[in-house]
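The structure under discussion appears below in the form of structure tokens.
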There are 2 protein chains.
Amino acid sequence: MNESQVIEALGALAQETRLRILRFLVTKGSDGASAGEIGEAVDAASSRASFHLSTLAKAGLVTAERQSRHIIYRVDFDAMGGMIGYLINDCCKNHQDVVACCGTPKTC
Amino acid sequence: MNESQVIEALGALAQETRLRILRFLVTKGSDGASAGEIGEAVDAASSRASFHLSTLAKAGLVTAERQSRHIIYRVDFDAMGGMIGYLINDCCKNHQDVVACCGTPKTC
DNA sequence: TCAATATCTCAAGTATTATTGAAATATAGG
DNA sequence: CCTATATTTCAATAATACTTGAGATATTGA
């Protein structure tokens, strides 16, 4: 993951509706959820949910797969890990106070 | 760190000049750097550097301390860790593919 | 093919954010 | 006190992003 990809991913998450979409999709795991279900879960009109989902997909943080009439979105955990890894490894040079906040159990 | 603080921090980093400022300040560690030195390092006019530094400070990612004529900025590593920890722990529920990207050596 | 469902695209309005240069503030030293 | 240095604030402009509703596209089943 390069700098501009990370900037796009950070910008994608720096928005309330999109951060909530991501959190909701994390709970759905590999099952994912349809655009309609997601819009309902985060209380957004369909066009608004669609706009935010495409922003997340463009940033590579979610994947989209059509299943008959529905389009199923899923978190791309590798992309999330790539973005977070860039912040920790590349930006913060694995500074101990940053690394201390990773993993289970919650430490920060 | 709560949701809106994380959103502000993510937004602060989702900008080229500011991400570069952060990376530069990480290399400076606890010494920090003055606004002028930072502006020069990231090739930004003083008013622009000041604007971006205040955005980072408002988001809590850097601290500012006046030392005679200079204002010394430093990365707040705890805040960085808090933001990253929120993404890993709270948003991604410590999903293994995300946690795998943390720490030394670089794995993602 | 037609109707229903699911989702996306588009345009308009609004809001937020970034850039620039000029002016203002704060500090230190002569 | 005056000047030089360091940094911020302000105003104007430009660019980008968000929301909304209407209309377009895609898919399925009757």
Side-chain angles (χ1 to χ4, degrees), chain A residues 3-25 28 31-75 83, chain B residues 3-25 28 31-75 83:
Chain A
E3 186 185 81
S4 64
Q5 290 174 313
V6 169
I7 288 172
E8 188 171 7
L10 289 167
L13 290 184
Q15 209 276 342
E16 191 178 343
T17 302
R18 289 196 294 268
L19 191 58
R20 289 186 178 164
I21 287 174
L22 187 99
R23 290 159 64 95
F24 176 68
L25 285 179
K28 292 290 177 173
D31 290 344
S34 69
E37 187 183 354
I38 294 166
E40 213 170 311
V42 303
D43 195 31
S46 65
S47 66
R48 194 162 138 242
S50 173
F51 168 74
H52 288 304
L53 282 165
S54 68
T55 301
L56 286 166
K58 184 159 173 290
L61 296 176
V62 306
T63 61
E65 181 196 6
R66 180 173 280 276
Q67 273 183 14
S68 85
R69 282 188 219 191
H70 299 270
I71 295 182
I72 302 298
Y73 289 91
R74 295 184 184 85
V75 176
M83 183 196 82
Chain B
E3 187 186 78
S4 64
Q5 290 174 313
V6 169
I7 287 172
E8 188 170 9
L10 289 167
L13 290 183
Q15 209 277 344
E16 192 178 343
T17 302
R18 289 196 294 264
L19 190 58
R20 289 186 179 164
I21 287 174
L22 186 99
R23 289 159 65 95
F24 175 69
L25 285 180
K28 292 290 176 172
D31 291 344
S34 70
E37 185 183 355
I38 295 166
E40 212 169 313
V42 303
D43 195 32
S46 65
S47 67
R48 195 163 137 241
S50 173
F51 168 74
H52 288 305
L53 282 165
S54 68
T55 301
L56 286 166
K58 185 159 172 289
L61 297 175
V62 306
T63 61
E65 181 195 5
R66 181 173 280 275
Q67 273 183 14
S68 84
R69 282 188 220 192
H70 300 269
I71 294 183
I72 302 298
Y73 288 91
R74 295 182 182 86
V75 176
M83 184 195 80

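Sequence lines set the chain letters: A, B, ... in the order given, protein chains first and strands last, and positions in each chain run from 1. In this text, all values refer to a predicted model and were calculated from it rather than measured experimentally.
Remark: P of dC18(D) and CD1 of Ile7(B) are 11 Å apart, rounded to the nearest angstrom. Between the NE2 atom of His52(A) and the P atom of dT9(C) there is a distance of 15 Å, given to the nearest Å. The OH atom of Tyr73(B) sits 8 Å away from the P atom of dT7(D) (whole-angstrom rounding). Distance CD (Glu37(A)) to P (dT5(C)): 18 Å, rounded to an integer number of Å. In this entry the distance linking CZ of Arg69(B) with P of dT5(D) reads 8 Å, nearest Å. Between the CZ atom of Phe51(A) and the C1' atom of dT14(C) there is a distance of 13 Å, rounded to whole Å. Here dT17(C) presents its P atom at 9 Å from CZ of Arg18(B), a figure rounded to the nearest Å. Protein atom CG of Leu53(B) is 13 Å distant from nucleotide atom P of dT19(C), rounded to whole Å.
Checking Val62(B), Val75(B), Leu19(B) one by one against Leu56(B), the side chain to side chain contact (heavy atoms under 4.5 Å, CB included) holds for a single residue, Val62(B).
A close approach under 4.0 Å does not occur between any side-chain nitrogen or oxygen of His70(A) and OP1 or OP2 of dT5(C). A close approach under 4.0 Å does not occur between any side-chain nitrogen or oxygen of Arg66(B) and OP1 or OP2 of dA6(D). Side-chain N/O atoms of Arg48(A) include one lying less than 4.0 angstrom from OP1 or OP2 on dT20(D). Ser54(B) has no side-chain polar atom (N or O) that falls below the 4.0 Å cut-off from OP1 or OP2 of dT8(D). Distances shorter than 4.0 Å separate some side-chain N or O of Gln15(B) from OP1 or OP2 on dT19(C).
A donor-acceptor contact shorter than 3.5 Å links the side chain of Arg66(B) to the backbone of Ser68(B).
The 5' end of DNA chain D is approached more closely, in terms of each residue's nearest nucleotide, by Ala14(A) than by the other of Ala14(A) and Ser68(A). Comparing Ser46(B) and Ser34(A) by the nucleotide of DNA chain C whose heavy atom lies nearest to each, the residue mapping closer to the 5' end is Ser34(A).
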* To do: Would you sort out whether Glu37(B) and His70(B) count as a side-chain contact (heavy atoms from CB on, under 4.5 Å), showing the intermediate values?
  => CA-CA 10 Å; Glu37(B) 185 183 355; His70(B) 300 269; over 6 Å; no
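When heavy atoms are screened at a 4.0 angstrom cut-off, Ser47(A) is found touching base atoms of the nucleic acid. Ser50(B) comes within 4.0 angstrom of a base, heavy atoms only.
You'll find the side chain of Lys28(B) stays beyond 4.5 Å of the side chain of Tyr73(B), heavy atoms only. Annotation: side chain of Glu3(B) is in contact with side chain of Glu16(A) (closest heavy-atom distance under 4.5 Å).
In the set dT8(D), dT19(C), dT19(D), the nucleotide with an atom closest to the side chain of Thr17(A) is dT19(D).
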